[in-house]
Chemist: 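Let me give you the structure first, and then I'll get to my questions.
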Number of protein chains: 2
Amino acid sequence: MPAADIDRMFQALGDPTRRAIIASLTLGPKSVSRLADPLGVTLTAVAQHLRVLQDTGFVRTEKLGRVRTCSLQATGFRAVEQWAAEHRALWERRMDALGDLLAEEED
Amino acid sequence: MPAADIDRMFQALGDPTRRAIIASLTLGPKSVSRLADPLGVTLTAVAQHLRVLQDTGFVRTEKLGRVRTCSLQATGFRAVEQWAAEHRALWERRMDALGDLLAEEED
DNA sequence: GGGTCAGTCAAGTGAGCACTTCAGTATAAG
DNA sequence: CTTATACTGAAGTGCTCACTTGACTGACCC
């Protein structure tokens, strides 16, 4: 996973409206209009956010007739989870190493 | 964990320079100057980033004499990991439900 | 066909933010 | 005491980005 991609993922999650879209989609797939309705923003704005969320692997969309249906995608969440887990692991390893060091000093 | 806090966390991680600071700190604690050196930005810029990373629970800093030493903190990473895991779980539950639904239709 | 509905495209605007410079403070070194 | 170091604070700048408006396309309904 290239660093630039992870950048874009976190940047995508940094926006409140986009996080609201994700939250809304956890309740089930929705059309663009039904996403925009409770958000208090334009249809266009939601469409722009959806593009970002789609490019970063959080959302999948499919157009049938004139309505585009949006749903969540696991890819993005897995990547974020993995990134955080890796960094937490690094941190814990460092903490362990520090513990060992202190233990040695006590000898 | 309030939604506004998570917003700020993801926003914090969205910036390439801040992610570089985190990456640098995984190798061990560093002073502000030693962080700024390879990043190609001003000491002031790094200090500003550190403030953000500290407020969002990714970094811990301590000033001794005239040098401020920075190190990683697990809090932020745990929060991110948890958020992603929760959303992935929600997604998987929905997929399971969908599977059940399809299975029922086959009857 | 006409009319609405769901979404798209292009262009513009405003606010936030990353970053800088410069001046200042406090600690360490000679 | 003088000088260098490590940072801090205030203020300014430029650019990105969220959001809007308005014109448009294509699908469904009567």
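Below, all heavy atoms of this structure are taken into account, side chains as well, without hydrogens, waters or symmetry copies. Just so we're on the same page: letters track the sequence lines, and every chain starts at 1.
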Chemist: Using whole Å, what does the distance between atom C1' of nucleotide dT5(D) and atom CG of D37(B) come to?
Modeler: 14 Å
Chemist: So, for R68(A) and K63(A), which heavy atoms are closest and what is the spacing to 0.1 Å?
Modeler: NH2-CD, 3.7 Å
Chemist: In whole angstrom, what separates D55(B)'s CG from dC17(C)'s P?
Modeler: 13 Å
Chemist: Given atom CG of L43(B) and atom C1' of dG24(C), what is their separation to the nearest angstrom?
Modeler: 14 Å
Chemist: By nearest atom, which of the nucleotides dA6(C), dA18(D), dT8(D) is closest to the T44(B) side chain?
Modeler: dT8(D)
Chemist: Roughly how many Å is it from CG in L50(B) to P in dA6(D), rounded to a whole number?
Modeler: 16 Å
Chemist: If only atom types and distance count, is the side chain of R60(A) paired as donor or acceptor with the main-chain N or O of Q73(A) below 3.5 Å?
Modeler: no
Chemist: Any side-chain N or O of R68(A) less than 4.0 Å from the OP1 or OP2 oxygen of dT8(C)?
Modeler: yes
Chemist: Considering only heavy atoms and no angle criterion, is a donor-acceptor pair shorter than 3.5 Å present between the side chain of R66(A) and the base of dC28(D)?
Modeler: no
Chemist: Want to settle it: does A45(A) or L64(A) sit nearer the 5' end of DNA chain D, counting the closest nucleotide to each?
Modeler: A45(A)
Chemist: Would you jot down, in residue-number order, the residues of residues 9-25 of chain A having a non-hydrogen atom under 4.0 Å from DNA chain C?
Modeler: none
Chemist: Which atoms form the tightest heavy-atom contact between G57(B) and T75(B), and what is the distance?
Modeler: O-CB, 3.6 Å
Chemist: Got a donor-acceptor pair under 3.5 Å from the side chain of Q48(A) to the base of dT8(C)?
Modeler: no
Chemist: Using OP1 and OP2 only, check whether a side-chain N or O of T42(B) sits under 4.0 Å from dT20(C).
Modeler: yes
Chemist: Report yes if some heavy atom in the side chain of D5(B) is under 4.5 Å from a heavy atom in the side chain of R8(B); otherwise report no.
Modeler: yes
Chemist: Taking all heavy atoms of V32(A) and all of A47(A), pick out the closest pair and write down the distance.
Modeler: CG1-N, 4.5 Å
Chemist: Look at the rings of W83(A) and F10(A) and say which category their plane angle falls in: under 30° parallel, 30 to 60° tilted, over 60° perpendicular.
Modeler: perpendicular
Chemist: Compare all side-chain heavy atoms of F58(B) with those of M9(B) and state whether any distance is below 4.5 angstrom.
Modeler: yes
Chemist: Can you tell me which residue among H87(B), Q82(B), R88(B) is in a side chain to side chain donor-acceptor pair (under 3.5 Å) with E81(A)?
Modeler: R88(B)
Chemist: Report the distance from atom NE2 of H49(A) to atom C1' of dC17(D), rounded to the nearest whole Å.
Modeler: 9 Å
Chemist: Measure from CZ on R51(B) to P on dC17(C) and round the result to the nearest Å.
Modeler: 14 Å
Chemist: Counting only non-hydrogen atoms, which of residues 56-63 of chain B are less than 4.0 Å from DNA chain C?
Modeler: none
Chemist: Is there a side-chain contact between L50(B) and L35(B) in this structure, where contact means two heavy atoms from C-beta onward sitting under 4.5 Å apart?
Modeler: yes
